[in-house]
Amino acid sequence: MAATALPPLPPQFKSIQHHLRTAQELDKREPVVAYYCRLYAMQTGMKIDSKTPECRKFLSKLMDQLEAMKKQFGDNEAITQEIVGSAHVENYALKMFLYADNEDRAGQFHKNMIKSFYTASLLIDVLTVFGELSEENVQHRKYARWKAAYIHNCLKNGETPQPGPIGMEGESFDVEREEAGSSSLPSGTAQPSSSSAYEANNIPTSNYTGIHIPPGAHAPANTPAEVPHNTGEVRLTPEDFARAQKYCKYAGSALQYEDVSTAVQNLQKALKLLITGRE
């Protein structure tokens with residue numbers, strides 16, 4: 001997408017560098033998610049520093065990218081309707097989380113699954129553009145970052161990680177040691193890294209001491225072990241699940257305004273789609 005190249009990332013915006021990198025990586029295959037990654041970076045950057053010249057210049061160019069994407073995808077309801085956009089981003093974040101969690105459960109530890117855990121946590125950050133995170137998503141984000149740090153440290157030290165959180169309480173990430181070997185801040189003109197390639201500086205830069213997951217639980221409460229699927233003869237596509245989720249989001253929004261009729265209609269649409277595969 002990025003027709004408007006970004007200037008070098010100001011040091012003040014280091015905390016959003018990986019959200020912007022994720023946007024670059026997803027531009028072609030998930031432009032909606034890429035758009036909201038940039039929107040999150042824009043909103044966060046405005047809060048950090050919107051006054052110094054280099055930051056203002058960077059935010060101005062980022063705004064140009066967002067406007068260009070809005071024009072390009074103006075007919076996409078996931079861009080024009082926040083409820084649909086929120087469902088789309090959350091669904092993609094969950095898919096990333098579940099992939100990594102399933103690999104973890106199976107004892108398949110590799111760089112791609114570490115990156116998937118961490119990317120899922122970044123996308124849950126992005127969900128804050130739609131409002132306050134649910135407690136479930138807060139726990140998913142905390143768990144995903146913790147797992148990314150733990151497995152990364154194990155592989156780097158030649159150790160075999162344990163699946164799930166058993167025996168992992170108190171795992172921390174050595175920020176200073178990792179940052180000493182990290183590369184310089186990326187600029188918006190850099191080529192996006194390959195989605196199959198893991199980079200050490202994709203590990204979150206914070207300490208996870210004190211994060212406790214109950215022993216025996218492979219993931220936060222209410223996390224499904226695998227992507228939901230229809231148990232009948234009807235085969236649902238990922239798009240079907242996304243549409244059903246959209247209707248549930250519509251229903252939730254209607255209930256906030258005590259609009260029972262609209263809530264019921266949307267829940268019925270979701271049920272029909274899930275049962276029959278048709279709207």
Side-chain angles (χ1 to χ4, degrees), residues 1-6 16-46 59 61-100 112 115-134 136-137 140-141 144 186 188 190-196 202 227-228 236-253 266 269-270 273-274 279:
M1 186 285 313
T4 303
L6 293 176
I16 60 174
Q17 64 177 331
H18 297 304
H19 301 86
L20 290 170
R21 180 176 295 165
T22 298
Q24 286 182 311
E25 294 175 350
L26 296 177
D27 268 333
K28 292 185 178 179
R29 66 178 183 273
E30 280 290 339
V32 169
V33 180
Y35 171 82
Y36 285 111
C37 285
R38 288 187 173 89
L39 182 60
Y40 170 83
M42 181 74 189
Q43 293 181 355
T44 304
M46 291 287 289
L59 292 173
K61 293 296 184 182
L62 183 56
M63 178 67 78
D64 289 343
Q65 286 192 351
L66 285 167
E67 290 300 320
M69 293 189 79
K70 254 191 169 181
K71 289 181 180 179
Q72 184 177 358
F73 304 106
D75 59 345
N76 190 322
E77 62 179 4
I79 298 292
T80 59
Q81 300 183 37
E82 284 195 354
I83 292 177
V84 184
S86 176
H88 188 99
V89 175
E90 188 172 18
N91 182 57
Y92 192 77
L94 182 60
K95 285 167 62 178
M96 297 288 288
F97 182 94
L98 292 175
Y99 164 75
N112 285 348
K115 184 171 183 179
S116 293
F117 264 134
Y118 186 49
T119 300
S121 76
L122 294 177
L123 295 180
I124 295 174
D125 285 341
V126 171
L127 287 173
T128 60
V129 304
F130 304 106
E132 186 177 353
L133 292 177
S134 66
E136 185 178 17
N137 279 333
H140 285 169
R141 178 174 62 181
Q191 290 297 320
S193 57
S194 168
S195 60
S196 62
N202 274 350
V227 177
L236 301 176
T237 66
E239 290 73 21
D240 291 330
F241 286 116
R243 286 199 295 273
Q245 195 172 36
K246 176 189 69 175
Y247 287 129
C248 291
K249 288 283 184 180
Y250 282 145
S253 178
N266 280 288
K269 289 180 181 179
L273 177 60
L274 293 173
E279 293 188 75

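Relative orientation of the Tyr40 and His19 rings is tilted, given thresholds of 30° and 60° on the angle between their planes.
Across all their heavy atoms, Phe130 and Gly85 have their closest contact at CZ-C, 3.7 Å. Considering all non-hydrogen atoms of both residues, Gly74 and Thr80 come closest at O-CG2, 3.2 Å. Nearest heavy-atom pair, Ala34 versus Ala23, reported as atom, atom and distance to 0.1 Å: CB-O, 3.4 Å. The minimum heavy-atom distance linking Leu20 with Ala41 is given by the pair CD2-CB, 3.6 Å. The heavy-atom pair separating Pro31 from Phe73 by the smallest distance is CB-CZ, 3.5 Å. The two residues Met42 and Leu66 come nearest to each other via the heavy atoms CB-CD1, 3.8 Å.
Rounding to the nearest 0.5 Å places CG of Leu39 at 8.5 Å from CE of Met63. Rounded to the nearest 0.5 Å, atoms CZ (Phe97) and NE2 (His140) are 5.0 Å apart. Rounding to the nearest 0.5 angstrom, the gap separating the CG atom in Leu62 from the CD1 atom in Ile16 is 7.0 Å. Once rounded to the nearest 0.5 Å, the distance linking CG of Leu122 with CD of Gln17 reads 10.0 Å. Taken to the nearest 0.5 Å, the OH atom of Tyr118 stands 8.0 Å off from the OG1 atom of Thr22. Annotation: the span from Ile79 atom CD1 to Lys71 atom NZ amounts to 15.0 Å, rounded to 0.5 Å.
Using modelled atom types, no side-chain atom of Ser86 and backbone atom of Glu82 make a donor-acceptor pair closer than 3.5 Å. Thr119 places no side-chain N or O within donor-acceptor distance of the main-chain N or O of Ser116, the cut-off being under 3.5 Å. Remark: side-chain polar atoms of Thr128 are paired, donor with acceptor, to backbone N or O of Asp125 under 3.5 angstrom.
Leu123 places a side-chain heavy atom less than 4.5 Å from the side chain of Cys37. No side-chain heavy atom of Lys269 sits less than 4.5 Å from a side-chain heavy atom of Leu273. For the pair Gln24/Arg38, a side-chain contact is recorded, criterion being any heavy-atom separation below 4.5 Å from C-beta on. By the 4.5 Å heavy-atom criterion applied to side chains, His88 and Asn91 are not counted as neighbours. Residues Tyr92 and Val32 fail the side-chain proximity criterion, which asks for heavy atoms closer than 4.5 Å.
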* Residue pair Lys95, Glu30: steps toward the salt bridge (charged side-chain N to carboxylate O under 4.0 Å, His left out) verdict -> CA-CA 13 Å; Lys95 285 167 62 178; Glu30 280 290 339; 5.3 Å; no
